[in-house]
Amino acid sequence: MPIVVVVGGQWGDEGKGRIVDLLARKARVVARYSAGNNAGHTIVNERGEFKLHLVPAGIFYPDKTCVIGNGVAVDPEVLLDEITNLQEKGIDTSRLVVSDRAQVIMPWHKELDRLDEAMRGDAAIGTTGKGVGPCFVDKVARRGIRVADLLRPEDLNPRVETALEYQNRVITGVYGGEPIDMSECIEKYHQLGLRLAPYVGDAQAVVLDAHRRGDTVLLEGAQGSLLDLDHGTYPYVTSSVPSSSSSGAGLGVGIGPTAIQRVVGVFKSYSTRVGNGPFPTELFDSTAERLRDHGKEFGRGEYGTTTGRPRRIGWLDAVSSRYSVRFNGLSALALTRLDVLDGLETIKICTGYELDGKVVDTLPARQSVLERVRPIYEEMPGWTDATSEVRNFDDLPKAAQAFIRRVEQLLECPVDLISVGPSREQAIIVNPIF
Ligand code: IMP
Ligand code: MG
């Protein structure tokens with residue numbers, strides 16, 4: 001049985017959690033491999049509605065092992081809150097393994113995230129403010145604190161002393177902020193380490209053992225590929241190392257690239273983005289409002305799971321999406337929120353960018369250029385019938401079928417799964433993914 005990677009194809013919030021929740025049924029292990037609690041999944045199942053930021057979506061199945069890999073930035077307070085919340089709703093969290101090699105988000109990371117955004121002013125990235133970027137900076141600077149360090153004062157104390165002495169100089173000297181108290185910080189993170197200890201383990205071994213036994217493993221990406229540090233809309237990206245795109249998956253749990261058999265890309269039937277940065281197909285009209293507020297009364301509108309910010313809305317952008325299909329090496333697409341398009345008279349897909357009178361069909365590297373491109377649209381007829389109760393491709397309105405076929409053509413990848421609503425059964429399996 002395969003190791004399958006599930007990644008977001010656009011700018012995040014494509015519904016990865018919902019797709020992982022669906023695919024997890026057939027998996028043995030579900031692992032997160034990058035990013036931190038900047039991510040947010042909303043999952044609706046028979047136990048209720050859950051917002052997850054760190055715990056993999058497989059936690060709702062009683063027989064799955066859930067892994068937080070070495071590539072994840074872990075905020076122990078957030079993780080422990082999430083665990084407590086799951087336990088209070090009767091979910092068994094004993095099958096959660098947090099990698100001892102994962103980086104820890106420390107108080108100075110959150111402070112630096114805030115101060116740095118303020119200093120950038122109009123050029124702010126629009127981060128989620130969770131300290132994720134500065135945590136990955138410290139990882140690369142070899143100054144990071146790892147989960148294993150939290151467990152023993154002899155490891156924790158000297159590492160915090162070195163890091164915080166440096167960061168307090170940065171906070172006060174560069175940003176004019178207030179220093180963080182050393183002993184308070186050490187004591188607090190030691191206590192958090194004690195509470196986290198039962199979950200800490202060798203995550204890589206869990207994944208490798210499952211693979212050796214022939215069990216299916218799902219590797220769950222966070223954010224979207226267009227926020228990727230290397231391939232995304234730099235500098236308006238997230239800082240995860242390894243990257244949130246499929247290439248980061250092996251690195252983020254400790255397996256080699258030959259172990260991965262399938263890569264599923266999750267795409268929304270339109271586009272959204274939170275935070276700043278180029279967004280060629282962004283809409284500012286009543287269609288944007290309509291798409292954003294679809295299902296708002298059920299908490300399903302386009303508002304950030306992590307920050308509550310209204311998401312920017314646009315039509316499906318086949319140019320940036322195809323680029324994402326290519327660099328992720330996608331084997332299948334999962335198209336989500338098709339039902340949100342129900343009732344629109346026409347639906348647009350961006351098939352190219354116009355730049356200084358010429359047509360561009362891939363994502364320009366230069367931010368200043370990407371900000372100037374104008375979308376070239378193809379307009380397709382919409383459909384009036386509701387799709388949320390449809391379970392077979394052939395039962396979809398003909399116009400919806402045509403839309404999906406066109407998406408496959410433009411993105412050069414088959415649509416194997418279509419989601420028409422938030423609950424588990426509101427899905428159309430066109431081809432079984434594994
Ligand atoms: P950071 O990851 O908090 O540093 O934010 C960097 C950029 O990534 C900002 O544009 C955020 O809005 C965006 N971002 C981070 N996490 C998510 C997510 O889970 N969904 C959508 N956008 C995200
Ligand atoms: Mg999200």
Side-chain angles (χ1 to χ4, degrees), residues 6-23 41-44 224 264-273 281 283 287-296 298-302 311 313-318 320-322 324-325 330 332-351 377-433:
V6 180
V7 290
Q10 298 152 311
W11 282 286
D13 310 309
E14 299 90 350
K16 288 174 295 297
R18 185 247 181 289
I19 299 297
V20 169
D21 180 60
L22 191 70
L23 297 179
H41 286 336
T42 306
I43 290 163
V44 183
V264 181
V266 187
F267 288 77
K268 247 179 237 192
S269 306
Y270 47 97
S271 307
T272 64
R273 177 167 196 162
T281 62
L283 293 170
T287 306
E289 269 161 49
R290 171 175 175 162
L291 296 177
R292 184 181 297 114
D293 289 340
H294 180 99
K296 188 183 180 186
F298 311 108
R300 243 199 117 207
E302 293 286 5
R311 295 179 185 140
I313 309 275
W315 293 115
L316 186 71
D317 178 353
S320 60
S321 298
R322 182 171 54 232
S324 163
V325 169
L330 297 187
L333 305 180
L335 196 66
T336 60
R337 290 185 163 248
L338 184 72
D339 58 303
V340 175
L341 300 182
D342 293 353
L344 290 175
E345 211 159 297
T346 57
I347 293 163
K348 289 183 187 172
I349 308 180
C350 166
T351 56
Y377 286 119
E378 189 174 295
E379 198 158 2
M380 299 189 74
W383 54 90
T384 44
D385 293 348
T387 57
S388 50
E389 300 308 320
V390 177
R391 299 292 175 264
N392 292 302
F393 185 83
D394 293 336
D395 297 335
L396 282 170
K398 288 285 173 280
Q401 296 185 18
F403 171 74
I404 291 157
R405 292 306 179 209
R406 188 69 183 127
V407 169
E408 289 182 318
Q409 267 173 1
L410 289 167
L411 271 58
E412 299 170 346
C413 194
V415 172
D416 280 2
L417 210 162
I418 301 159
S419 159
V420 290
S423 41
R424 246 179 221 169
E425 67 282 1
Q426 287 179 298
I428 299 170
I429 316 268
V430 186
N431 284 301
I433 286 174

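The existence of a salt bridge linking R292 and E289 is excluded, since no basic side-chain nitrogen approaches an acidic carboxylate oxygen closer than 4.0 Å. Comment: E389 engages R391 in a salt bridge, judged by a side-chain N to carboxylate O separation of less than 4.0 angstrom.
Smallest separation of non-hydrogen atoms from N392 and V390: O-CG1, 3.2 Å. Considering every non-hydrogen atom in both G421 and D339, the closest pair reads N-OD1, 3.7 Å. S271 approaches L316 most closely through the heavy-atom pair OG-CA, 3.6 Å. Nearest heavy atoms, R311 versus I313: O-CG1, 3.6 Å. Counting all heavy atoms, side chain and backbone alike, G12 lies closest to T272 at O-OG1, 4.0 Å. Across P381 and A399, no two heavy atoms sit closer than the pair O-CB, 3.7 Å.
Rounding to the nearest 0.5 angstrom, the gap separating the OG1 atom in T351 from the OH atom in Y377 is 10.0 Å. The distance from atom CD1 of I43 to atom CG of D21, rounded to the nearest 0.5 Å, is 5.0 Å. Residue L22 holds its CG atom at 8.0 Å from CD1 of I433, rounded to the nearest 0.5 Å. Note that the CG atom of L335 and the CG atom of L411 stand 9.0 Å from one another [nearest 0.5 Å].
Counting heavy atoms from C-beta outward, S269 and F403 have side chains that approach closer than 4.5 Å. Under the 4.5 Å side-chain criterion, counting only non-hydrogen atoms from C-beta, R405 is in contact with F393. With contacts defined as side-chain heavy-atom distances shorter than 4.5 Å, the pair D416/V264 does not qualify. In this structure the side chain of I418 reaches within 4.5 angstrom of the side chain of L396, judged on heavy atoms. Between L344 and R290, some side-chain heavy-atom pair lies under the 4.5 Å cut-off. Using a 4.5 Å heavy-atom cutoff, the side chains of Y270 and T281 are not in contact. Contact annotation: the side chain of E378 approaches that of R406 to within less than 4.5 Å [non-hydrogen atoms, C-beta and beyond]. Residues S320 and Q10 form no side-chain contact, since every pair of their non-hydrogen atoms from C-beta on lies 4.5 Å or further apart.
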For this session: Evaluate the criterion side chain to side chain contact (heavy atoms under 4.5 Å, CB included) for residue pair L341 and L291; output intermediate values, then yes/no.
Result: CA-CA 8 Å; L341 300 182; L291 296 177; 4.1 Å; yes

Exercise. When you look at S419 and R18, which way does the side chain to side chain donor-acceptor pair (under 3.5 Å) test go after all the steps?
Worked result: CA-CA 9 Å; S419 159; R18 185 247 181 289; 2.8 Å; yes

For this session: Apply side chain to side chain contact (heavy atoms under 4.5 Å, CB included) to the pair L23 and L417, showing each step before the final yes or no.
Result: CA-CA 10 Å; L23 297 179; L417 210 162; 4.0 Å; yes

Problem set entry | Audit row: E379, T346, side chain to side chain donor-acceptor pair (under 3.5 Å) steps and yes/no | CA-CA 6 Å; E379 198 158 2; T346 57; 2.7 Å; yes

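In this structure, K268 contributes its side chain and D13 its backbone to a donor-acceptor pair below 3.5 Å. Within the 3.5 Å criterion, the main-chain N or O of G9 finds a donor-acceptor partner in the side chain of S324. Judged by distance alone, the side chain of Q401 and the main-chain N or O of D394 form a donor-acceptor pair under 3.5 Å.
Screening V325, D317, V415 against F267 for a side-chain contact (heavy atoms from CB on, under 4.5 Å) leaves a single residue, V325.
With a 6.0 Å radius and a threshold of 12 heavy atoms from other residues, nucleotides or ligands, E425 has its CD atom above the threshold.
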